[in-house]
Amino acid sequence: MRAVHSLIFLFTLAVCATISKSTESAWNGHTTKGSTSPSAFTPYYVPPGAKSYDSASPLLKYSGNWKESFSSGYVQKTLRSTKERGAAMTFTFTGTGVEWFGNVDHRHGIAKVYLDGVLVERVDAWSTVRRRQQRIYWVFDLPPGKHTLKIVNSGEKSENSRGTIIDIDALVVMQSQKPQQVIPSQNYQVASTDYTTLFTTQDPSSPPWTLSQQGTTGVHAMQLAIISNSHAIIMDKVEHNPLTVDGHPAWGALYNLKTHSVKPLRVQSNSFCAGGSFLSNGTLINVGGNPVVEDRTAAADFGDIDGLQAVRILEPCDSEKVEGCDIYENPTRIRLASARWYNTVVRISDGSAMIIGGSTRGGWINNATTNNPTLEYYPPKNIHGQNGLPIHLPFLVDTLNSNLFPLAFLLPDGNIFMAANRDAMIYDWKTNTERRLPGIPNGVRVTYPMTGTGLLLPLSPQNGYTPEILICGGSTVDDTKPDYEISSQDPASSQCSRMVLTDEGIANGWQVEQMPHARTMPDAVLLPTGQVLIVNGAGTGISGYGNVLNQVGTSNADNPVFTPVLYDPSAPVGQRFSSAGMPTSNIPRLYHSVATLTPAGNVMIAGSNPNLDRSEVKYGTEYRVEWLNPPYMTLDRPKIISRVPELIGYNQNFVLKIDSQPSTNPFKVVLMDYGYVTHAVHANSRMVYLVTYQSDEGSVTVTGPPNGNVYPPGPAWLVVVVNDVPSEGIKVMIGDGRGPPVDKEAINNLLATVHIEE
Ligand SMILES: *[C@@H]1O[C@H](CO)[C@@H](O)[C@H](O)[C@H]1NC(C)=O
Ligand SMILES: *[C@@H]1O[C@H](CO)[C@@H](O)[C@H](O)[C@H]1NC(C)=O
């Protein structure tokens, strides 16, 4: 049931819809007003801005033998079905996407789905479980305009099916009508557009940056991390996503980077605004979230459980088929010591995860009542007298209110850099001491909902791994103002602040630079060339939805920034930013957008959803993926032709053979962590140059990183860069591949002391 189109326009309806939050919980089925029995939950959902057509609508043209049946369990109480080979339904609509809903069970067969006369998919409606109002096919990335959907009974069935039934209950059309207007920002050229590629060229001799749209994420991409050479994990909140699992919408998925197909994950708890990190043994944890979804938009029982204290586990999953890869949750045995919504997770030098801050319940801007000014570890540690329980962090009290999703990075001395609101500090986790740093200049706030983004710039042995932090974007809006005094039109900040984290660097303070365009919610992505790509975000407003004045739809932000900018940290001041030759998108990437480098070397851009639940109203829920290709993607790229060790120990030497000639070409070997990306936080994002020396022509001896402070034990991607052209990334494990330290006493104390907070 995956869409296979690659088209690029976003169209929006200029209709405002405000969906208010209900206090009703949906634990055990939803009781609709006036009724006493819970109604059955189904994935059928008509997002604001979309339109539903019933099976009995005269616009659906049937040919062949179709039977009409009636039941209160069908949309509008009617359903059409056919067993006849060749029987067809044709429907012409104007829009950018369409969904087909119907029954599935053990007697259903295979349908051929045609779009505009082209066979796009063979869809199997067979299922062992009988379910109604299921989404059988969906496509969300059609070019705007008139389209014809044709569903034909193929007469075929899967091996286990007992029949060839195909039925139609309803069709839902994404009606988005108005193309997103691209407002060129000053100094930018607007790209010429065609359906698959957009670009402008700066220097005709060098290949251009290109941008293409391909693939849809199935679940909205709120959180994104590359898990293998072939797959990324996408996590969302509980909402009416098109991808379903076990008869209900999914809120987690594995995205195939090569085929663009998506596989739903069975997530139990609500992962709304969770953080994540890999551990030293390659296991991914996804931490914190939200209580059970509260939803008035439809009868809702997604079957989710409270996610505030959740630790969701994805064991290493390197197979291209992602067989058996799923999320494991067991809250009776594995949980956090405190409730966390909007927490940041970083892997530290012993390979465990530090879980920082957050709010004790869902809401919006943090305050003293909701604040969780603590950190804890996974696995839990018996440290500073807390024996698995949270450790108080005064920094998170002093940085109220705009301090959620703090920016945090492991430094090469083992300490943790943190920035929240207008402040920064270095935390020594072994002694539990804070060293406060100079505040971010000019009153710029850099964390949620005044969201900026941050990176640890590449670490190099050439300067003794001197750490340098870069923080860009955010807002100077007063975080003590009530929401009705903040507007989606308040300007974002264009400031980048950069500081060397040595005594001398700290004494020199933050060095300020201006991006060519102000952004809140930007995403900064380290490229293997050592440059930083900044994409996504808004020129005005702040993070979140449904809070401030002049909301667009329900978005708290407006004026999407459509043109990426490249930042070269080693260029002279004043010459570091460039958007020359950059393609311009027309897909807004506002709140809940993400971007990451992929092993292939290009940048995956997804998400945007400033909405309580899936919406087609401006700014709607965005499922389309874009791929931004740096010029090196089309060049002859270096290849590692020798076997790369799967495990690279600290200070361990290994030999690489490269197909280019390292003796004549400048080359570098780097380790990269693509990070766990959500809410403009690129947790664990890291790039470390390795020590190399030429063994003989075509082969290089490389030394593993010096210790777990410089590169914490766990997954990394090894990249060779020759003449500034990088190879593809190869997944390796740094360290010994073992799990982080496990302290049974701390785990037992946590489980005995802290239960799931209601
Ligand atoms: C703190 O935030 C919560 C959640 O947004 C809100 O319900 C509460 O009213 C706030 N409290 C104060 C004192 O502002
Ligand atoms: C890695 O360590 C974590 C924490 O102890 C554990 O839950 C997980 O099962 C381990 N994974 C593997 C593959 O051993």
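These numbers come from the heavy atoms of this one structure, side chains and all, not from hydrogens, waters or symmetry mates. Counting starts at 1 for both ligands and their atoms, in listed order.
- The aromatic rings of Y342 and Y448 sit tilted, their planes meeting at an angle between 30° and 60°.
- Annotation: atom 2 (O) of ligand 1 to nearest protein heavy atom, N367 ND2, 2.3 Å.
- Below 30°, between 30° and 60°, or above 60°: for W429 and Y377 the angle between ring planes is between 30° and 60°, a tilted geometry.
- Side-chain atoms of R686 never come within 3.5 Å of backbone atoms of A716 as a donor-acceptor pair (strictly under, hydrogens ignored).
- Regarding atom 1 (C) of ligand 2, its nearest protein heavy-atom neighbour is N281 ND2, 1.4 Å.
- Atom 9 (O) of ligand 2 has its closest protein heavy atom at E315 OE2, 2.7 Å.
- The P740 neighbourhood of ligand 2 comprises atoms 2 (O), with distances under 4.0 Å to a heavy atom of that residue.
- Near T370, the atoms of ligand 1 lying under 4.0 angstrom from a non-hydrogen atom of the residue are 1 (C), 2 (O), 3 (C), 4 (C).
- Within 6.0 Å of the CZ atom in R436, the count of heavy atoms belonging to other residues, nucleotides or ligands exceeds 12.
- For ligand 1, the atoms closer than 4.0 angstrom to any heavy atom of W364 are 5 (O).
- Checked by atom type, the side-chain pair R422/S402 shows no donor-acceptor distance below 3.5 Å.
- Scanning the protein for heavy atoms near atom 13 (C) of ligand 1, the closest one is T369 OG1, 4.1 Å.
- Ring to ring, Y591 and H679 are close: their centroids are under 6.0 angstrom apart.
- The protein reaches atom 5 (O) of ligand 1 closely, with a heavy atom under 4.0 angstrom from it.
- The part of V742 lying near ligand 2 is the side chain, judged by heavy-atom distances below 4.0 Å.
- Atom 7 (O) of ligand 1 has R361 NH2, 3.6 Å as its closest protein atom, hydrogens excluded (heavy atom only).
- Atoms of ligand 2 found under 4.0 Å from any heavy atom of P316 (numbered from 1 in listed order, with element): 13 (C).
- Using modelled atom types, one finds a donor on one side chain and an acceptor on the other under 3.5 Å when comparing T540 with N559.
- By the 3.5 Å distance cut-off applied to N or O atoms, Y378 is not counted among the residues near ligand 2.
- At least one side-chain heavy atom of M450 sits less than 4.5 Å from a side-chain heavy atom of I365.
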